[in-house]
Protein chains: 4
Amino acid sequence: MSKGTDFLNKDREKFKIAVDIFSSKGYHSTTMDEVAQAMGVAKGTIYYHFKNKDELYLCTTQLGISILEIMAREAIGQHTDSREKIVALIESYLLFMHDYAGIAYIFLRELFGDHNRRDFFREATKSYQKLIQNVLEEGQRAGAFAGDLNAEICASSIFGMIFTVAIHYLQVYGELSMDVVKDNICKLIFHGLLEV
Amino acid sequence: MSKGTDFLNKDREKFKIAVDIFSSKGYHSTTMDEVAQAMGVAKGTIYYHFKNKDELYLCTTQLGISILEIMAREAIGQHTDSREKIVALIESYLLFMHDYAGIAYIFLRELFGDHNRRDFFREATKSYQKLIQNVLEEGQRAGAFAGDLNAEICASSIFGMIFTVAIHYLQVYGELSMDVVKDNICKLIFHGLLEV
Amino acid sequence: MSKGTDFLNKDREKFKIAVDIFSSKGYHSTTMDEVAQAMGVAKGTIYYHFKNKDELYLCTTQLGISILEIMAREAIGQHTDSREKIVALIESYLLFMHDYAGIAYIFLRELFGDHNRRDFFREATKSYQKLIQNVLEEGQRAGAFAGDLNAEICASSIFGMIFTVAIHYLQVYGELSMDVVKDNICKLIFHGLLEV
Amino acid sequence: MSKGTDFLNKDREKFKIAVDIFSSKGYHSTTMDEVAQAMGVAKGTIYYHFKNKDELYLCTTQLGISILEIMAREAIGQHTDSREKIVALIESYLLFMHDYAGIAYIFLRELFGDHNRRDFFREATKSYQKLIQNVLEEGQRAGAFAGDLNAEICASSIFGMIFTVAIHYLQVYGELSMDVVKDNICKLIFHGLLEV
DNA sequence: GATGAATGAGGATTCATTCAT
DNA sequence: AATGAATGAATCCTCATTCAT
């Protein structure tokens, strides 16, 4: 944990401020002056804690992502059944989107972003998709999920599906009616589109 | 169609160059000097055709998006069966991702981007999701798809699913093995995860 | 008479357009594009008639100034009495300000302007001040005007006085009520401030 | 008082440099690079203190104008007799022209300048003309000055007269022989042209 | 630890001018 | 005679970063 992460961890208010600004204005359009002013400190103070703008951005995002990771692991940990684990994962992702929409925006933006920071965010994504993938493979071995599905592709599909729906809802309706969204995603994921 | 769109339409080579640079370096890290040099024209020439950097970016993206729209509509138009339409849509999206990965990157990046251009891209997204949604509702009325599914949520899910998987593949394997991806997505979408 | 002056002389509409734009926006803030568009010709056409922007500006102003010169000489020519000549001069200046306010603005602006074109306008001014000065000296020799006044200083004073008042009126009241202004200026010039 | 005015006030040397450059080259032909170099600071430093070139220009001029205002008020304050006040005003204006010719040039140039800054300078002018006007009206009430003169027109006349003569002298003779100029202007203003 | 004035490299934009048609 | 697309030098302005206090 770097000096900067420490700074943000101790003062969660400043963390939220950083997330807010970066998520609403984007990395480049956010100036260090703005961040400093919003945090109520001098610009020099930020440079005392962070090597440069990039480190501030990365530390901020990293802290946000670690929250998502913890939420997801806790959700899975409370269940033994593969299907229930998937439901819990979906719930935790939606909850995260609800509580930390700013981080989620930053995260997705960078995932599809330019070369500069893509690798960093790709690694983070991989570990979540791997989390889903593990549950899927576990379920396939247990005979719960169709064995002929490619777990990697499905994990990626589910990941993209959830984030996209959640953001669609946030953008269109302003807020996330989680139950409706969750129910529909579960139905689609478990049973597919086709009428039986 | 603005003066700038005209310029890019007549010279598709320049359009591709703009897409390439913007998608690989991002809006802010791309300089007008670079674009001009890559296009083989003077900087002033770009400013003769586009009001500013933003207009160049938007015109470029708009042209790319219109290509996706045409591909999707053509794909749907060749089928009458709802299920086949969905397959065709998936195929056309994957094909687009393959041929115009740059545009796809820009598109997704901005969809989750900051306030400045989000509205513009949100509008574009809505029209595609609507395209999927229409097919879904048609299928539901015809009894092909489960009637209790919320078509809007499912359309958004499918949209996110396809793009995410496609980009995941492009990033992990460098290229898109479309058949494998398509088969798996179709299975997931039509039958769900559960073993019957 | 240069090629450009010819062009403006033949088409007085274009002359007025040039004066309007230059006077309201100033030399630097006026672009050749604007001039061309306002004149209803292509930019190249202007460069066909004028060597460059400076020549266009100078030709335009020169034409305007020659009008003032003609007006002043005609005014003086109609009188033999020195005092009446002064009145006629004042009238003609005010009339010019009224009819060609744009040119007047340009003229004064450049008179106090930067080095670039000052010499050109200073020469023009000198010739008018000289016109006044001649009338003053003539009047002094005839015993009409106080002999101990420095004619050069007085000529300059009268020149500045008239222009300033006229512009003051144009700016404050939107238009020039010439009679009131003329009467007061005449009184002041002929009798001074002091109550007799 | 803005941040920028403060900066110029504390360092009068830099103020003079700004005045010098702007007055000799004009607003548009003066580059920020030149100003920065002449002041011996980096370009960024100027932008740290002034929002943009326009603010630098306006702050510079404003400071200059406030000097003129102070000089004029002090001059008037030392006298009770209306006629002596007028003489003192003329003296103070000529002194200002002598010491701050650069500001005077800028001032007059903008007074007759384009739309952009005219309002700003017009306001400043109004207050000086008002100063003169007040003295004139006071004198008229006291019976010292002719009661049938329009004080507003006369104030404007006197204002324009002084500036024009002063500049005429500066331009023609390179320097201002104040006594000669003052004497002549006083004679003209108080007694008029006519031989009694 | 904290500050904020100063820096200067970097990049967007403007616009007078040219020239092939 | 007239055109207008193309040019690129010139300039304004931004902002991450430094450092003396």
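Naming: A, B, ... by sequence-line order, numbering from 1 per chain.
- Pair check for E/dT13 finds F/dA10; Watson-Crick or G-U wobble, both atom distances under 3.5 Å.
- Each of B/Y27 and A/I46 lies near DNA chain E, and the nucleotide nearest A/I46 is the one positioned closer to the 5' end.
- Note: CE (D/M39) to C1' (E/dA6) measures 14 Å, nearest angstrom.
- Residue A/Y48 places no side-chain N or O under 4.0 Å from the OP1 or OP2 atom of E/dG1.
- Pairing for F/dA1 is absent, judged as Watson-Crick or G-U wobble with the two contacts each under 3.5 Å.
- Atom-to-atom distance recorded for C/F7:CZ and C/L63:CG is 12.5 Å, nearest 0.5 angstrom.
- A donor-acceptor contact under 3.5 angstrom links the side-chain atoms of C/K43 to the base of E/dT17.
- Side-chain atoms of D/T31 lie closest to F/dC12 of the nucleotides E/dT13, F/dC12, E/dT17.
- As a whole-Å value, the separation of A/E34 CD from F/dT14 C1' is 12 Å.
- Ranking E/dT13, F/dA2, E/dA16 by closeness to the C/Y47 side chain, first place goes to E/dA16.
- Ranked by how close their nearest DNA chain F nucleotide is to the 5' end, C/F7 and D/T30 are led by C/F7.
- With ring centers used as reference points, A/F112 lies 6.0 Å or more from B/Y105.
- A residue-by-residue look at D/G44 and B/S29 shows that D/G44 has its nearest nucleotide of DNA chain E further toward the 5' end.
- Atoms CE (B/M32) and P (F/dC12) sit 20 Å apart, rounded to a whole Å.
- Dashed line: the shortest gap from a side-chain N or O of A/H28 to OP1 or OP2 of F/dT14 is not under 4.0 Å.
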Do B/K25 and B/E34 pass the salt bridge (Lys or Arg N to Asp or Glu O under 4.0 Å) test, and can you show the C-alpha distance, the side-chain angles, and the key distance before you say yes or no? CA-CA 11 Å; B/K25 311 197 64 171; B/E34 279 172 327; 2.5 Å; yes

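- The CG atom of A/D54 sits 16 Å away from the P atom of F/dC15 (whole-angstrom rounding).
- The distance from atom CG of B/L56 to atom C1' of E/dT13 is 13 Å, rounded to the nearest whole Å.
- Taking atom NE2 of B/H49 as the reference point, atom C1' of E/dA12 lies 18 Å away to the nearest angstrom.
- Under the 3.5 Å distance criterion, with hydrogens and angles disregarded, a donor-acceptor pair is assigned to the side chains of D/D54 and D/Y27.
- Nearest-nucleotide positions on DNA chain F for B/A42 and A/N52 put B/A42 closer to the 5' end.
- At the heavy-atom level, B/T45 lies under 4.0 Å from base atoms of the strands shown.
- Between A/Y57 atom OH and F/dA16 atom P the separation is 14 Å, expressed in whole Å.
- Annotation: the span from B/E123 atom CD to B/T125 atom OG1 amounts to 8.5 Å, rounded to 0.5 Å.
- One cannot find a donor-acceptor pair under 3.5 Å joining the base of E/dT13 and the side-chain atoms of B/K53.
- To the nearest angstrom, C1' of F/dA16 lies 15 Å from NZ of A/K25.
- The distance from atom OH of D/Y100 to atom CD1 of D/I65, rounded to the nearest 0.5 Å, is 13.5 Å.
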